[in-house]
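What follows is a short report on a single structure.
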Amino acid sequence: MTEKVFIIGGMSCAACSASVERVTKRIDGVTSCSVNLTTSKMNVEFDGTDETQEKIISAVEKAGFTIRQEQKEKVETLKTDKKGSSKAPIVASFVLCGLLLYVSMGTMMIEGLPLPSFLNPDQYPYNFAIIQMLLTIPIMFIGRKFFINGFRSLFLLHPNMDSLVAIGSSASFIYSLYIVFSIPFSHHHIAHELYFESAAVVLTFIMLGKFLENRNKEKTKDTIKKLMSLSPDTAVIVKDNKETTVKTSELKIDDIVVIKPGAKIPTDCVVIKGESSVDESMLTGESIPVNKANGDNLTGGSLNCDGILYAKVTHIGEDTTLHKIIKIVEDAQGKKAPIAKIADKVAGVFVPTVIAIAIVTAIVWIIVSGDTSLTLKAFVSVLVIACPCALGLATPTAIMVGTGLGASNGILIKSGEALERANNTKVIVFDKTGTLTKGKMTVDNVFCNIDKEEFISISASIESLSEHPVAIAVCEYSNENNIEYKNDFAEFKNISGKGLYALGYNGDEYYCGNKRLLDENGIYTDEFESQAKKILLEGKTIVYLSKNGKALGIISISDTLRDEAKEVVSKLKTMNIKTVMLTGDNNSSAEYIGKQLGVDKIYSQVLPSEKADVVESLKSEGTVMMVGDGINDSPALATADIGAAVSNGSDVAIESADIVLMNSDLNCVLKSVILSKLTIRNIKQNLFWAFLYNCIGIPIAAGVLYPIFGILLNPMYAGVAMSLSSVCVVGNALRLRTKKLIKKG
Ligand code: ADP
Ligand code: MG
């Protein structure tokens, strides 16, 4: 299976995206396909053969759309892609339309308005009619796209919103032409039956609506644009003691760049000289600047605050963190949330249904009233008021804004689906080390029955081969005390969730890990039992070291809770979310920390391989979110309904996660649930509005109110209503942008 992204051209509404999706799904070899109207992207999962790909392309083209495969460097191109629609045609249509309305209705509505006598409808009906026709034709020319696109789709049997507009306005135009030709053979008053203005006004308003909608849709892409603008265009490199300015895109790995105060970090690099604080808030949402010095990683796009930094380039182009973030946000915005399915289904049959309703309406009207003018009004109004766009835009726009808002808060959501699922989170499982705690462990005591220095030297030698937070603490302690790592090993094994095994060249066997590890290998630890008890009661972790089956000593290691952990846990409780702590650490230490935080349930001494089973079993209680560091928690993250990985800032492409938290502040967990709730509520509002609008609008346009209240919609108002409905939907989605995910304080 391969997944490819195609760019689809010529889609104007949800009916278009639905038909592209339909024709693609029908092809053998295609497993899934989702088309996003807002981004014009189609994600297809298929067998990957050229044959199938050709079939996809020809099917989409046959349906009346253009299709091309997404270019790899599209992220760069988007940057310069200023696709803002121009205002001029709309202004021109409005002017022409105003004149037309003045001529056609002005004198009827307001008495005494001057109208040149040669245009008097009763004396010179021909002039009156022809001038209106001449004013209408240019407007139709300006809006020709609707006719070309609409009729083409209609004839290809995939009618879309443009088809509705095209049929509606052509009907009024052709009817009016017929009137013009009948003037010589008819009574003079026939000129009052012209309907040119309705064709013109409908087109003008729909163009305005589309313009506003596009402008707003562009705004929903703001986050991506903002992210892309983070990377500076140029960088200063040092070569042979000379500074030269080069384009960021020309940087190469191992180039040395200078970053002056106030400048943006051009690409991912590692500090080799200098010290400064760096503002990474645009990438992580964390507002406090971070201190950077020799050996620290810098992320391209962040801002150097006060010092000068010299750094060596480590990643360029597509491998940079910023690029990966952009890719994740873009991908998420292109994918659909399951909630969009209902709207898609409706959109697929919407246009043919509306055409049918319009025809039935016309037949009923002509039979019941016999009045062509009323019949035409109702027919055109039904076609024009119906708005599949509002349905189609309801979910993707909210998802775009929602994922964008997430990104600016340091929450990268990988799919609309994950965003939707998070809305129902019932249980949140936290990994302990590095998630609830700072993960920065420190050694605070050592008890041993051999020389202390030697004991530490052996421990550190073994631990230097591991990257576990416990191991890092031991090595740091040894470094601080200037103790050398004297031992080399012939063999070394990492026993996941328990510790390490090492075999010296002289045959000495060492175990370094938790009590379970030693117990399982039949090593007595009774000698250290009383100290161990005390340490455990304080909620600390113990590392045991044994040599050739005999315990040598223990190291007590402590970790500190994150400052916000307790508050976040209690806030989650008020949201009726159950909190669970999951750890490989010993029971008493887990108990101690769990109690402090007030979590609902604690699972301790769980092996990494068992973590996924615990998550699986919790699923019976509802949607489960797992928050972990993404390294040894991968299976658990993947098992959970929503896997949220806490990233260390540069590692954003965590495969097994649905959500990547760009900073380890636990409030992000809370924020992602709130974000999901806000977004889903917004989508529901949008869908509700779009359905309600069409359900009420279409019958009114058809004239159901006429027999009782005498209300029959003028096609002109139908056009306005239609445009406003999609503008409203996009506008409502944009409202999300201003939301604060957590109130300060
Ligand atoms: P957590 O759920 O806290 O991330 P792990 O599954 O990574 O825990 O580890 C569980 C326990 O195994 C640790 O608390 C520690 O006691 C022990 N352990 C794991 N790796 C090591 C190591 N490299 N050195 C010593 N002890 C280790
Ligand atoms: Mg861990």
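This chain uses plain numbering: 1 for the first residue, then up along the sequence. Counting convention: from 1, in listed order, for ligands and their atoms alike.
Applying the side-chain hydrogen bond (donor to acceptor under 3.5 Å, both in side chains) test to N481 and every residue at least two apart in sequence or in another chain returns nothing. Taking T623 as the reference, nothing meets the side-chain hydrogen bond (donor to acceptor under 3.5 Å, both in side chains) condition, with sequence neighbours excluded.
Not a single heavy atom of K432 sits less than 4.0 Å from an atom of ligand 1. For the pair Q605 and ligand 1, no heavy-atom separation below 4.0 Å is found.
Listed by number with element, the atoms of ligand 1 under 4.0 Å from a non-hydrogen atom of G513 are 25 (C), 26 (N). Listed by number with element, the atoms of ligand 1 under 4.0 angstrom from any heavy atom of N514 are 11 (C), 12 (O), 16 (O), 17 (C).
Only the backbone of K498 comes within 4.0 Å of ligand 1, judged by heavy-atom distances. Only the side chain of L500 comes within 4.0 Å of ligand 1, judged by heavy-atom distances. Under 4.0 Å from ligand 1, the heavy atoms of V470 that appear belong solely to its side chain. Neither the backbone nor the side chain of L607 has any atom closer than 4.0 Å to an atom of ligand 1 (non-hydrogen atoms only).
Ion pair E616/K619 flagged as a salt bridge, since at least one NZ, NE, NH1 or NH2 atom sits closer than 4.0 Å to an Asp/Glu carboxylate oxygen. A salt bridge is defined here as a Lys NZ or Arg NE, NH1 or NH2 lying under 4.0 Å from an Asp or Glu carboxylate O, and E417 with R421 meets this definition. Comment: D563 engages K438 in a salt bridge, judged by a side-chain N to carboxylate O separation of less than 4.0 angstrom.
In terms of polar-atom proximity, defined here as any N/O pair under 3.5 Å, T541 makes no such contact with ligand 1. For ligand 1, the polar-atom distance check against G584 finds a nitrogen or oxygen pair separated by under 3.5 Å.
For the side chain to side chain donor-acceptor pair (under 3.5 Å) criterion with S558, the lone passing option out of T437, D444, T541 is D444.
For the 3.5 Å distance criterion, the side chains of Y485 and N479 qualify, holding a donor opposite an acceptor.
Relative to atom 24 (N) of ligand 1, the option among E463, M581, K611, H468 with the closest non-hydrogen atom is E463. Taking all heavy atoms of A590, A471, G497, S466 into account, the minimum distance to atom 6 (O) of ligand 1 is reached by G497.
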Would you sort out whether Y501 and Y511 count as a ring-ring contact (aromatic ring centres under 6.0 Å, His included), showing the intermediate values? CA-CA 5 Å; Y501 162 82; Y511 283 100; 5.2 Å; yes

